[in-house]
Number of protein chains: 2
Amino acid sequence: MDKRVGVLGGGQLGAMLVEAANQLRIPVNVLDVGHSSAKQVSSIGTHVEGSFKDRDAIKQLAAISDLVTVEIEHVDTEILEEISDTVDVQPSWRTIRTIQDKYAQKQHLHEYGVATAKSMPLETASIEELKKASSILGLPVMLKSRREAYDGRGNFPVRTEDDFKPALEALEANKSLYAEKWANFRMELAVMVVKTKEIVLSFPTTETVHENSICKLTYTPARGVSNATNRKAQDLARKAVACFPGKGVFGVEMFLLEDDSLLVNEIAPRPHNSGHYTIEACRVSQYEAHLSAILDLPLRQEDLELREPAVMLNILGGEAKDSHLQIAEAALKDRWLKVHLYGKGQARKGRKMGHITVCAPTISEAERRIQPLIDLVDKGKPAQPNPPTQQPTKPTRPLVAIVMGSDSDLPKLAPTLQILHDFHIPYTTRITSAHRTPALLASYASSVASSGIRCVIAAAGGAAHLPGMFAAYTPLPVIGVPILPSVGDGMDSVLSILNMPRGVPVATVGLNNGVNAALLAVRILGAGDEGVRERYGRFMREAEEGVREKDRRLVEVGAEEYLEGMGK
Amino acid sequence: MDKRVGVLGGGQLGAMLVEAANQLRIPVNVLDVGHSSAKQVSSIGTHVEGSFKDRDAIKQLAAISDLVTVEIEHVDTEILEEISDTVDVQPSWRTIRTIQDKYAQKQHLHEYGVATAKSMPLETASIEELKKASSILGLPVMLKSRREAYDGRGNFPVRTEDDFKPALEALEANKSLYAEKWANFRMELAVMVVKTKEIVLSFPTTETVHENSICKLTYTPARGVSNATNRKAQDLARKAVACFPGKGVFGVEMFLLEDDSLLVNEIAPRPHNSGHYTIEACRVSQYEAHLSAILDLPLRQEDLELREPAVMLNILGGEAKDSHLQIAEAALKDRWLKVHLYGKGQARKGRKMGHITVCAPTISEAERRIQPLIDLVDKGKPAQPNPPTQQPTKPTRPLVAIVMGSDSDLPKLAPTLQILHDFHIPYTTRITSAHRTPALLASYASSVASSGIRCVIAAAGGAAHLPGMFAAYTPLPVIGVPILPSVGDGMDSVLSILNMPRGVPVATVGLNNGVNAALLAVRILGAGDEGVRERYGRFMREAEEGVREKDRRLVEVGAEEYLEGMGK
């Protein structure tokens, strides 16, 4: 812990790295111009004044540091290569060199068998070259700068041949360009990966929402992503990072395509915007993880686990000079929202000035709490042409799924829905038959836990396989409601649900007792949520008072009059 | 958010206050000697060099600040009174003046009807005066310095008349003394209270464990404290703080006596060691809360709630110069332990050099994770004479209660216990019969939710009333296990448990299926705990792999050989 760390760049990523280092009083020396964000939060290290691209300044930094790392990849890797003779550079200058050229990065990933969008370089920034690339890749293509591109700068979508000229004009300042096959993705995912000296670990899969090519929001866990896709994303991200030398955290951005396959979009060899949420939401933040990796401190996969679901909203510079401060001030109205301001001087439009993270016991509560801020950020914005990167705002996310084998069961479940409604518990209802839609049942039951559902109520009658089959696919508690069939006494329904084999439990309630199924679901949610448990306690007291009231009346009026009042 | 905050004192409390301010880039000016802890973590403010008792330095700080606060109460309140004409001082200098004289503090609390230990001042530090006080209060008494006392310095227990002389000698450097009636407490509690301009809020009740009069550990929530006592502690702490003018956070230390009554021990008009845990464990930390209170930022009771149970261990200076660094390094082996080092220069024995906080889904897991550090800290220490401030280590708190009507059911539940054990879920087992111990059942079932239990498994056979009766008393989910009685096919057990009236649900599993009862309990806990859900997912994959393996073998060897292997 007594190694001195030098950082090229003193922006917000450097600042949050310094804050993590401060906890352990690890001295960090920051190289950047002026009183940069990172320099503001520490006077432990010896800061160096100068550009992080300046050869002499970098050497000066190296001279006072035992280890040099970066908070930005647009650095001079020649100098990094040079200083690496005398000081440890992490991640390797080779990694940074490959990654900072986006085409070379894609080629490298391709060579190591990591799925990425098909790309080809333009030898010159000419219509002919772009035409050639378009004919090979097929229109539309994304024309991209190979270097110095971030937050959408350096990208231009080429939909038809008419876009050739404007695309080249827009990017002409950038000498080297490449074209990338258009990815029709249904959502963007990101995984922060940690490469230590011996192992590659990964943070949870995060859903990223971009607007005008700038990250706007992140949701962790990613909403509506199945366990299988989540695991695939983790595997792909770790595989992508494993093929680069050196240690540290890496941000891996991915496209999730319509067919649930994944492509790596790009990699950042440093802490990343999509990992800000880790500060409050994970056991160890991406900044602690980066320090741990480069300083060889212990780190295990369980350290990267999520403490609570989280939503992160970037605070960007706006029309007015102080728009970002207005957003920060509005966020302070709900102190579950953790506001991070970066202390950057000038607020350019679209410049990242801060961010807000909110954690909550459920992603739906986190969404509810961040919504006023999203509304504020969106206020007065021109309607967006709905670019593919943007997700529509989701309604409140359900906590209970009510599934039935047939719509004929729905009327029997009306009291179930009413009780959940009365307890303010959001639910969803689905028809999936174990026998008529076995594949739908399998895929829905497999993914339901990752979509935020916490408990399942399954109703079925006769050879009632639905509750048990659902329980076979999900780790969630499944409540089975036996429904009285049109023939027989219903013991077929009861026993089909109750007598599950050892190993796969179903919580069975009485025949047609959808009321108790709902109340059991509330008790189950209440086991992990004091607020729900409080409400349930109130319900019990009211129910008791109801019976006591009836008893008082029975004593008062006698059984005969009471019976009359019942119309019996 | 653009007000400049001046802080008298730059120790660890000031440092963590600065770290909270950094998030919002609130400029904080620190007054302290040298490169103090608080100055190390910020270069946003303009720090002032000098003692926080130095008149000119304080005036210099006031001149560059819009608001002055303290991280220590041993300041010159004459100067605070003087500067309060030109700068806002929070909390009020009157509050600090009253609190810094411990006897005056107790008198003040007494006047406002806040329960404290009976005390009386010594007019001179003489045997006669001490004798007089002892005869009025009754021996033993605690002899205390009125001023400048902290971490046990300035306290001397007087058990018999023989202690009069050594007590007065030990404290003779302190001019003014007072005697306090001895409090036979069974544990010490602390509550951080926030006084805003309009409301008094409180953080959760924390159990504090002292060793040699220095805070060693804190546990939140306090272990083995009933809901009623917890509420009483909260009320008392808020009442105690309400009677002091000004805004800010206050640490309220209390004694919980053998009869469950509470006394305020003392109050700190600033962030406090017993509130360190709030940084990781609460929605808003005590440092954010202090800034919010003094800067009139919004704050509500729900912002102070616990995200997860937490244990905090102080890192004290030890025998060797680097003992504290050894502890910090050992703590890094488990990264759930959050290490805070204060960057103080010299490690005096007993000096607070840092602290470690661990949060976990359950207090028992937090205790398990901190234990190796407690062992390390205790290693080589002389055995303690078990002073009243020290609590024996409590056993792990159960999450599942397994109740049965008769001990004859216990053997049937052996697999249930094994599964909970395998999932690391702490449980308790009880015999309560609905028919033979109805009163015990009622009282146990009524209180089980408040003792931290989250799910109940109840087993019974025949006229199996236990699960349903248990469900009638608790808002927790109750899983019923029908047990096969010595006569009949067990449908009596099944239906007695299953066919509960609408309004009182029991989650019923199959006859004798204690395995599924345990697995259902794990699923229920997993609904609110991602970690448990993860482990359950692993269990499902392993179970699947087990069956696949059997299938592979069956395909490989054929049914005949397979049957032979089964001994059939």
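Keep in mind the model is a prediction, meaning the values are calculated, not measured. We name chains A, B, ... by the order of the sequence lines, and we start the count at 1 in each one.
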Next on the checklist: I'd like to know which of A:Gly526, A:Gly354, A:Cys359, A:Gly537 tops the heavy-atom pair count under 4.5 Å against chain B.
Outcome noted: A:Cys359

Checklist entry - Is there side-chain contact between B:Val41 and A:Val41, with at least one heavy-atom pair below 4.5 Å? => result no

Item to check | Listed once per pair and sorted, the side-chain hydrogen bond (donor to acceptor under 3.5 Å, both in side chains) pairs that draw on residues 472-481 of chain B, sequence neighbours left out | outcome: none

Checklist outcome for this item: Okay, B:Arg541 and chain A: the region with an atom under 4.5 Å from a heavy atom over there is side chain

Checklist entry - Is the backbone N or O of B:Ser37 less than 3.5 Å from a side-chain atom of A:Arg25, with the two atoms forming a donor-acceptor pair by type? => result yes

Item to check | chain A contact via B:Ala472 - side chain, backbone, both or neither, heavy atoms under 4.5 Å | outcome: backbone

Checklist entry - Where do B:Asp303 and A:Asp334 come nearest, in terms of heavy atoms and distance? => result OD1-OD1, 4.4 Å

Checklist entry - Hey, does A:Lys338 have a side-chain heavy atom less than 4.5 Å from the side chain of B:Glu288? => result yes

Checklist entry - Checking B:Asp529 against chain A: side chain, backbone, both or neither under 4.5 Å from a heavy atom? => result neither

Checklist entry - Of the non-hydrogen atoms in B:Arg523 and A:Leu476, which two are nearest, and what is the gap between them? => result NH1-O, 2.7 Å

Next on the checklist: Does any backbone or side-chain atom of B:Pro501 lie under 4.5 Å from a heavy atom of chain A? Answer side chain, backbone, both or neither.
Outcome noted: backbone

Item to check | Validation row: B:Gln23, A:Glu19 side chains within 4.5 angstrom (heavy atoms) | outcome: yes

